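Quick caveat, the model's predicted, so the values are computed rather than measured. Count residues from 1 along the sequence.
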Amino acid sequence: MNISTVFIKKPIMTVLLVLTVLAFGVTAYFRLPISDLPSVDSPVITINAYLPGASPETMASAVASPIENECMQIPGLETIISNNTEGSTQITLTFDLSTNVDLAAPDVQAALSRAQGKLPYTS
């Protein structure tokens, strides 16, 4: 006996089976976990620089600005945020979601090398 023959001979069973499968499908669909704002980890690289005894204003103008200017040339960069405190600065580089941090790291290193000549020197 062919499987299609059973469904042809018993149309009520076929309709009930289809409705049952449909009901389970609709129930499962509405139970799927969906987030309006999914948590996404953006690729981030943080740069820390220190100049002992320097004020936050000096850190912003003499240390953070040259580094930021060189980092702006990095492809895939979305935002640059710097936090300047007494004697230190922290620069956070956020990249596009499609950017691989491992591939962006050499670009950041090259930007730091270019900025090195513009930074104040302490021994």
*Determine which pairs satisfy side-chain hydrogen bond (donor to acceptor under 3.5 Å, both in side chains) with at least one residue from residues 74-91, sequence neighbours left out, and list them in order.*
Glu68-Ser82, Thr79-Thr94, Asn84-Thr89, Thr85-Ser88
*Tell me, which pairs form a side-chain hydrogen bond (donor to acceptor under 3.5 Å, both in side chains) where one or both residues lie in residues 4-30, sequence neighbours left out?*
Asn2-Ser4
*At their closest point, which heavy atom of Val101 faces which heavy atom of Val44, and how far apart are they?*
CG2-N, 4.1 Å
*asked:* By the salt bridge (Lys or Arg N to Asp or Glu O under 4.0 Å) test, which pairs, at least two apart or in different chains, include something from residues 15-25?
replied: none
*Could you go through the side chain to side chain contact (heavy atoms under 4.5 Å, CB included) check for Tyr50 and Met59 one step at a time?*
CA-CA 8 Å; Tyr50 303 98; Met59 291 301 295; 5.9 Å; no
*When clusters are formed from ILVMFWY side-chain contacts under 4.5 Å, directly or step by step, what else is grouped with Leu19?*
Val15
*Should side-chain heavy atoms under 4.5 Å link Ile, Leu, Val, Met, Phe, Trp and Tyr, which residues sit in the same cluster as Leu97?*
Val40
*Give me the other members of the hydrophobic cluster that Leu16 sits in, counting Ile, Leu, Val, Met, Phe, Trp and Tyr linked by side-chain heavy atoms under 4.5 Å, directly or via other members.*
Ile12
*Separation between CG of Asn48 and OG1 of Thr92, rounded to the nearest 0.5 Å*: 8.0 Å
*asked:* Show me the pairs that pass salt bridge (Lys or Arg N to Asp or Glu O under 4.0 Å) and involve residues 91-115, at least two apart or across chains.
replied: Glu70-Arg114
*Shared hydrophobic cluster, Leu17 / Ile3 (ILVMFWY, side-chain heavy atoms < 4.5 Å)*: yes
*Between CD1 of Ile45 and OG1 of Thr99, what distance do you get to the nearest 0.5 Å?*
9.5 Å
*For Leu119, enumerate each residue passing the side-chain contact (heavy atoms from CB on, under 4.5 Å) test, keeping only those at least two apart in sequence or located in another chain.*
Val63, Pro66, Ile67
*For Leu77, enumerate each residue passing the side-chain contact (heavy atoms from CB on, under 4.5 Å) test, keeping only those at least two apart in sequence or located in another chain.*
Ile80, Leu93, Phe95
